[in-house]
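Shown next, in structure tokens, is the structure this report addresses.
These numbers come from a predicted model, not from an experiment.
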Amino acid sequence: MSNSESVPHVDPGAAPYGNFPNYYSFNPPENRISLLPAELLHKLFRKPAESDSSTQPLLGLDVGCNTGDLSVALYNHLTEPHSKSSDVPVHFLCCDIDPDLITRARASNPFPDFISYATLDIMDSSAVRGPVNDFLQQFARSTFDIAFCMSVTMWIHLNYGDQGLVTFLGHLANLCDYLLVEPQPWKCYRSAARRLRKLGRQDFDHFHSLSIRGDMAENITQILTAEGAAKLIHIFGNTSWDRSLLLFKIQRHPC
Ligand SMILES: C[S@@+](CC[C@H](N)C(=O)[O-])C[C@H]1O[C@@H](n2cnc3c(N)ncnc32)[C@H](O)[C@@H]1O
């Protein structure tokens, strides 16, 4: 399979945020799911045997969920009986900038009581506050247990520049205790820019001025772990698209 997001037969000018309408026909969820241990949630959140077994729900945030196929696959994978976290209710909030993708995700949602979808630009802090805070407040919580940021960083980076990427990662880290990131490697940036040029379109606003470039998994790790803000605790290997899945534990320092 090709290792860049150059495969979709969609005019990329029409998908400037990576909002490809048929994403899962060329990158099926299984490519990523197969790298994640089914017991991930149990391993991260298991309680000591003697602790009270009250079932605080586990909360997940999926940023850039497209039509929700990966969100649902993650939900199934992490909650199915052999995962041993199935006794704990798990609730996901999944968001995407593209309202059409969210409409499709809602229409095919197999678990509407457990998976919620919202249209929002994660870079628009005032728009994010509403749905994210409303979701967290239902559970009297201020953060998610885990956030997923799968194949989204490049689109944020190309559309909002270096500072946008740094702000985005910082914002996500503030929202969760664990963060799973699948960064697109630099060669995908070149492919995305080449596609636009082939179509005679203007380059992404920021492509030529990005100074964060090269090894994107390493760059993103450095941004997240700067000043001890997060710790890289696991790399789950590489997908067939040569993308690594990086799990960070966010370190909260008392003020
Ligand atoms: C390449 S797709 C990845 C979809 C999914 N996360 C996955 O890995 O299967 C990138 C998604 O991020 C969404 N996206 C890009 N920028 C966004 C933003 N600023 N806010 C919310 N979603 C965004 C796009 O609409 C698109 O659906």
Got a donor-acceptor contact below 3.5 angstrom from the Thr153 side chain to the Cys149 backbone? no
Identify the heavy atoms of Cys188 and Arg243 that sit nearest to each other, and give their distance. SG-NH2, 3.5 Å
Using side-chain heavy atoms (C-beta onward) and a distance below 4.5 Å, is Leu246 in contact with Leu180? no
Could you go through the side-chain contact (heavy atoms from CB on, under 4.5 Å) check for His42 and Leu78 one step at a time? CA-CA 8 Å; His42 178 69; Leu78 299 174; over 6 Å; no
Is there a side-chain contact (heavy atoms from CB on, under 4.5 Å) between His171 and Leu175? Walk through the geometry before answering. CA-CA 7 Å; His171 184 50; Leu175 279 173; 4.1 Å; yes
When hydrophobic residues are tied together by side-chain contacts of less than 4.5 Å, even through go-betweens, does Phe111 share a cluster with Leu101? no
Within 6.0 angstrom of Ile233 CD1, more than 12 heavy atoms from elsewhere: yes
Between Leu70 and Met150, is any pair of side-chain heavy atoms under 4.5 Å apart? yes
Using modelled atom types only, decide if a donor and an acceptor are shared between the side chain of Asp121 and the backbone of Met123 within a distance under 3.5 Å. yes
Decide whether Asn159 and His206 meet the rule of one side-chain donor and one side-chain acceptor closer than 3.5 Å. no
Drop me the distance from Leu165's CG to Ile223's CD1, to the nearest 0.5 angstrom. 4.5 Å
Let me see the working for Thr79 and Phe114 under side-chain contact (heavy atoms from CB on, under 4.5 Å), right down to the final yes or no. CA-CA 11 Å; Thr79 60; Phe114 297 97; over 6 Å; no
Taking every heavy atom of Gln184 against every heavy atom of Ser151, the minimum-distance pair comes out as NE2-O, 2.9 Å
Indicate whether the side chain of Thr239 and that of Asn31 have a donor and an acceptor atom separated by less than 3.5 Å. no
Heavy-atom closest pair (Cys95 atom, Ile102 atom, distance to 0.1 Å) is C-CD1, 4.2 Å
Side chains of Ser71 and Asp69: any donor to acceptor distance under 3.5 Å? no
Between the CG atom in Leu58 and the CZ atom in Arg141, the distance rounded to the nearest 0.5 Å is 7.5 Å
Any chance the side chains of Asp62 and Tyr117 put a donor and an acceptor closer than 3.5 Å? no
Go through the steps for Leu247 and Leu232 under the test side-chain contact (heavy atoms from CB on, under 4.5 Å), then give the verdict. CA-CA 6 Å; Leu247 181 66; Leu232 176 62; 5.8 Å; no
Report yes if the side chains of Ile122 and Val128 come closer than 4.5 Å at any heavy-atom pair, otherwise no. yes
Do the two ring centres, one from Phe144 and one from Tyr178, sit under 6.0 Å apart? no
Measure the acute angle between the ring planes of Phe92 and Tyr75, then classify it against the limits of 30° and 60° as parallel, tilted or perpendicular. perpendicular
With ring-ring contact (aromatic ring centres under 6.0 Å, His included) as the test, pick out the partner of Trp155 among Phe168, Phe20, Phe207. Phe20
When you compare the side chain of Phe45 with that of Val88, does any pair of heavy atoms fall below 4.5 Å? no
Non-hydrogen side-chain atoms of Val63 and Phe148 separated by less than 4.5 Å: no
For salt bridge (charged side-chain N to carboxylate O under 4.0 Å, His left out), just list the numbers for Asp203 and Arg197, CA-CA rounded to whole Å, side-chain angles, deciding distance to a tenth of an Å, and then say yes or no. CA-CA 7 Å; Asp203 262 332; Arg197 275 196 298 277; 3.4 Å; yes
Give me the atom names and distance for the closest heavy-atom approach of Asp242 to Lys187. OD2-NZ, 3.1 Å
Shortest non-hydrogen separation from Glu80 to His77 and the atoms involved: CG-O, 3.8 Å
So which atom in Phe236 and which in Pro37 form the shortest heavy-atom distance, rounded to 0.1 Å? CE2-CD, 3.4 Å
If you define the side chain from C-beta out and look only at heavy atoms, does anything of Tyr17 sit under 4.5 Å from Asp98? no
From Leu179 atom CG to Asn174 atom CG, the distance as rounded to the nearest 0.5 Å: 11.0 Å
May I ask you to check whether Tyr189 and His157 place their ring centres under 6.0 Å from each other? yes
Hey, which of Ile235, Thr221, Ile220 is the one that makes side chain to side chain contact (heavy atoms under 4.5 Å, CB included) with Ser244? Ile235
Side-chain heavy atoms of Val166 within contact of Ile212, under 4.5 Å: yes
Find out whether Ile33 and Leu74 are in side-chain contact, i.e. whether some heavy atom of one side chain is under 4.5 Å from a heavy atom of the other. yes
So, taking the atom named CZ in Arg252 and the one named CD1 in Ile250, what distance separates them when rounded to the nearest 0.5 Å? 6.5 Å
Atom CG of Leu210 and atom CE of Met216: how far apart are they, to the nearest 0.5 Å? 8.0 Å
Does any N or O in the side chain of Asp215 come within less than 3.5 Å of the main-chain N or O of Glu218, such that one atom is a donor and the other an acceptor? yes
Spatial distance of atom CG (Asn219) from atom CG (Leu224) [nearest 0.5 Å]: 11.0 Å
